[in-house]
Each structure stands twice: as structure tokens, then as C-alpha cells.
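When reading the values below, keep in mind they use all heavy atoms of this one structure, side chains included, and skip hydrogens, waters and symmetry mates.
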Amino acid sequence: MCVGLAAKVVNVKDGTAIIDAGGAKRDVSAELLEDLEPGDYVMVHAGVAIAKITDDDANETMGILKTHAR
């Protein structure tokens with residue numbers, strides 16, 4: 001099974017984004033997405049930001065993960 005992670009973009013530079021996923025900050029490739037800016041939410045898979053998502057999508061995904069992590 002493949003799982004994507006919703007995360008907020010903190011910084012973008014030279015094709016790399018720093019993301020915040022529940023307080024954990026990571027560097028991921030941002031080369032697949034155009035016009036990515038701090039504050040955007042993305043879906044991350046295997047170290048690559050694969051899609052922009054809405055704030056609502058990100059909140060729903062994070063809520064589901066928190067519920068099932070118990």
C-alpha cells in the first residue's frame with residue numbers, strides 16, 4: 001500500500017521544499033509542481049511533493065491519520 005502525507009510548505013528554493021508535517025520538518029523535491037509557495041499544502045509521497053491540495057483536504061487527511069494512529 002502506498003500512503004501520501006499531507007504537509008504545509010514552509011520554504012521553497014531551487015526545486016526543494018521544506019515541509020512541516022505535524023511538526024516534523026523535512027526537505028522534499030518540489031520539481032513536479034509549479035508556483036509552489038510557503039503556506040501551500042501538498043501531498044508528499046516518497047520524498048516528492050506530488051500535488052497541491054486545499055487547506056480543507058490537508059485538515060481532513062491529518063484528522064483521519066490522528067484518529068487511526070491511536
Check your understanding: Only one of Val12, Asn11, Val28 clears side chain to side chain contact (heavy atoms under 4.5 Å, CB included) with Ile19; which?
Key -> Val28
Practice item. Scan for salt bridge (Lys or Arg N to Asp or Glu O under 4.0 Å) pairs involving residues 9-18, sequence neighbours excluded, and state none if there are none. Key: none
Practice item. Would you please name every residue forming a side chain to side chain contact (heavy atoms under 4.5 Å, CB included) with Asp20, sequence neighbours left out? Key: Val10, Lys25
Review point. Of all heavy-atom pairs between Ala6 and Ala21, which one has the smallest distance, and what is that distance?
Key: O-CB, 4.2 Å
Check your understanding: Leu32: what forms a side chain to side chain contact (heavy atoms under 4.5 Å, CB included) with it, not counting sequence neighbours?
Key -> Val48, Ile50
Review point. Tell me the salt bridge (Lys or Arg N to Asp or Glu O under 4.0 Å) pairs involving residues 35-54, sequence neighbours left out?
Key: Asp40-Lys52
Point to revise | All side chain to side chain contact (heavy atoms under 4.5 Å, CB included) counterparts of Asp55, not counting sequence neighbours | key: Tyr41
